[in-house]
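Notes follow the structure.
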Number of protein chains: 2
Amino acid sequence: MTNIREIARLAGVSTATVSRVLNNHPYVNEEKRRKVLELIDRLDYVPNSSATSLKKGMTRIVGVVSSLYTASSTSFIQAFSLIAQRHGFNIMIFLTDQDPGKEKVALEMLRSKQLDALVCLHRANEWNFIESYAKYGPIVTWQRLVSDRIPSVFMDQYEGYRLGLEHLHARGFRRILNVYSSRGLNTPQRMRAYADFAAAHELGGSGHPDFHGKMSLEDGEELAHWWIDQSDPPDAIACSNDDVAAGLLTELRRRGVSVPGEVGILGFDNNNLARLLDLSTVHYPSDKQAENAFSILLDRLGQPAPQPHALAFELIARQST
Amino acid sequence: MTNIREIARLAGVSTATVSRVLNNHPYVNEEKRRKVLELIDRLDYVPNSSATSLKKGMTRIVGVVSSLYTASSTSFIQAFSLIAQRHGFNIMIFLTDQDPGKEKVALEMLRSKQLDALVCLHRANEWNFIESYAKYGPIVTWQRLVSDRIPSVFMDQYEGYRLGLEHLHARGFRRILNVYSSRGLNTPQRMRAYADFAAAHELGGSGHPDFHGKMSLEDGEELAHWWIDQSDPPDAIACSNDDVAAGLLTELRRRGVSVPGEVGILGFDNNNLARLLDLSTVHYPSDKQAENAFSILLDRLGQPAPQPHALAFELIARQST
DNA sequence: TTGTAAGCGTTATCAG
DNA sequence: CTGATAACGCTTACAA
């Protein structure tokens with residue numbers, strides 16, 4: 001394998017000079033530079049990145065930990081990947097599937113310096129376990145977390161959820177069922193938003209206890225069966241995300257229930273599926289959050305980082321309400 | 001930073017002995033081994049992976065090049081990731097978005113030995129360009145390709161497509177429109193399958209020219225508008241994949257068209273979306289293909305590899321036909 | 001069973 | 001502007 005020494009020998013210079021050419025250092029004789037460059041080209045030479053990483057103490061790879069590919073995590077990852085590339089970083093994705101062991105693989109790679117930093121979309125281990133890895137490199141999360149070791153690009157969902165609820169109210173829905181997710185700390189904020197909303201409009205509940213821990217298409221489908229079984233069902237359902245709303249909507253329609261005629265459905269996130277199914281939803285700017293996450297990482301790595309974006313929710317009114 | 005020399009010094013042994021303990025070599029005095037292990041634990045030592053990679057000439061990372069996350073690529077990647085992990089390999093995903101430059105990033109990482117191998121789900125550059133990188137490490141593809149440099153785990157779709165067409169015929173559809181994708185060499189095989197099918201049943205076409213280059217949800221939606229505009233539309237549409245079928249189905253129903261009453265729709269792949277929307281489709285075993293891809297890579301890396309699976313299509317009859 | 005020492009391929013310091 | 005040379009942290013003959 002052709003290495004830097006080979007190039008140096010053939011060019012009649014030292015490895016130091018070749019390295020200088022490689023790294024665009026000033027003070028290299030123009031003729032030698034050309035000669036070196038020509039040899040690099042001719043011998044199809046490329047620096048061995050393990051050697052460079054070892055020497056520089058940096059791999060320029062950032063790990064992305066996600067439990068699975070949902071529409072919303074995909075959009076985050078897409079944006080994160082883009083901005084990372086623009087700064088000369090590559091990303092390595094870890095699908096944990098909620099398995100703590102798989103998440104640990106990523107954490108261990110940070111520890112062994114195969115990764116410079118980590119962004120954690122969904123965690124599988126306890127926070128204090130993850131925090132114990134923060135000493136090996138910067139970690140940032142998308143979930144809500146108040147920690148000095150692990151910054152978060154999480155957005156307070158109180159405002160977004162309130163926006164959605166007000167929309168349901170404006171469209172005439174009164175007996176609103178809340179379907180919450182469970183992981184992360186979104187739920188308490190959404191519950192607070194609902195409580196304030198209900199108080200402001202002097203509303204009772206839907207007559208049914210709210211749901212918790214629902215986040216998938218399948219959860220939405222089960223919810224549809226539940227709704228059909230009720231003698232006195234809610235007139236609107238505010239879902240934890242677009243996937244749940246999508247499962248709910250399609251299964252209800254499949255069973256002949258009219259949406260929004262018999263029941264209004266609100267999603268959350270504004271992903272592709274929501275667009276496809278004409279779901280009313282709340283736009284959650286995950287791409288901007290991804291860029292913010294990268295900025296934080298870059299900053300903690302001691303590199304010049306762009307200013308973070310200001311973030312805002314937006315209501316997207318479509319056919320399901 | 002604590003390194004192997006530090007451990008060796010504290011344990012009163014040489015770095016060679018520590019390395020032997022680390023790599024489970026035999027012939028290490030039990031007491032020394034315990035001592036070393038204890039120090040490793042106490043000092044929270046972990047080998048620097050850049051150093052190991054440099055020395056071993058291997059990173060145990062495999063790159064996965066995909067143009068984007070579709071339901072079917074996700075299922076391939078999921079399965080690939082799983083089997084790779086079981087063999088002590090990690091994967092690095094590259095979303096190219098059809099951008100040749102982004103694909104080149106992955107190829108260059110193979111060249112610079114940051115990656116041991118590459119699996120290419122969708123290519124962005126010309127094949128001969130990609131092939132020129134095969135000398136740097138094994139590359140395998142999911143697309144159809146006949147090349148001695150780049151093996152393929154592609155499945156001949158003739159049989160799968162024929163299966164789908166026979167199903168449409170059995171359900172009474174006669175004027176079938178084919179919607180083909182364009183990339184890769186699936187299309188000629190599917191066209192051949194249709195030609196043979198039509199000849200066997202003495203069928204004419206749908207009265208419309210087939211479509212080409214359709215692969216996304218959006219394409220499906222546009223197709224729905226086209227269908228509605230026809231005075232004499234086809235009675236069934238065989239789609240290039242489940243995404244197109246899903247877009248077509250939802251948009252048609254949104255416009256009040258009855259499926260399968262007025263038109264039958266057949267997908268291809270059998271992904272989650274197909275399940276959700278009750279789409280009839282042809283099951284394409286992408287998980288098994290992923291495992292085969294990994295086996296090939298492992299074998300070319302000179303490691304013992306599992307036997308590849310035999311692969312077969314399966315018709316999944318649901319509500320859309 | 002163990003240690004010495006020679007790499008792996010770079011980068012960076014320090015003289016010149 | 002350039003070249004020796006010492007790291008970076010690990011593995012592995014080779015010798016003992």
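All chains are named by letter (A, B, ...) in the order of the sequence lines, taking the proteins before the strands, and each is independently numbered beginning at 1. None of these values were measured; they are calculated from a predicted model.
A salt bridge links Glu6(B) with Arg9(B): at least one charged nitrogen is closer than 4.0 Å to a carboxylate oxygen.
Between Tyr27(B) and dG3(C) there is no side-chain polar atom (N or O) within less than 4.0 angstrom of OP1 or OP2. Taking only side-chain nitrogens and oxygens, Arg33(B) never comes nearer than 4.0 Å to OP1 or OP2 of dT1(C). Under 4.0 angstrom from either OP1 or OP2 of dG3(D) there lies no side-chain N or O belonging to Thr15(A). Within the 4.0 Å cut-off from OP1 or OP2 of dT2(D), at least one side-chain nitrogen or oxygen of Lys32(A) is found. Here Ser19(B) does not reach the OP1 or OP2 of dC10(D): none of its side-chain N or O atoms lies under 4.0 Å away. Distances shorter than 4.0 Å separate none of the side-chain N or O atoms of Asn3(A) from OP1 or OP2 on dT10(C).
As judged by a 4.0 angstrom heavy-atom cut-off over every strand, Val46(A) is placed among residues touching the sugar-phosphate backbone only. The residue Val13(A) sits close only to the backbone: its heavy atoms come under 4.0 Å of sugar-phosphate atoms, none of a base.
Contact annotation: side chain of Lys55(A) to base of dA12(C), donor-acceptor pair absent below 3.5 Å.
Relative ring orientation between Phe129(A) and Tyr133(A) is described as perpendicular, the plane-to-plane angle rising above 60° on a 0-90° scale split at 30° and 60°. Ring geometry for His122(B) against Trp142(B) counts as tilted: the plane angle lies between 30° and 60°, on a 0 to 90° scale.
We find that CG of Asn48(A) is positioned 10 Å from P of dT11(C), with the value rounded to whole Å. Across the protein-nucleic acid pair, Tyr45(A) atom OH and dT10(C) atom C1' stand 7 Å apart, rounded to whole Å. Across the protein-nucleic acid pair, Arg20(A) atom CZ and dT2(D) atom P stand 8 Å apart, rounded to whole Å. In this structure, Ile4(A) atom CD1 and dG9(C) atom P are separated by 11 Å, rounded to whole Å.
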| query | Should Gln307(B) and Ser295(B) be marked as a side-chain hydrogen bond (donor to acceptor under 3.5 Å, both in side chains) after you check the CA-CA gap, both sets of side-chain angles, and the distance that decides it? | reply | CA-CA 7 Å; Gln307(B) 277 298 312; Ser295(B) 284; over 6 Å; no

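For Thr141(B) against Ile150(B), the heavy-atom pair with the smallest separation is CG2-CG2, 4.0 Å.
Closest to the side chain of Ser14(A), out of dA4(D), dT2(C), dC1(D), is dA4(D).
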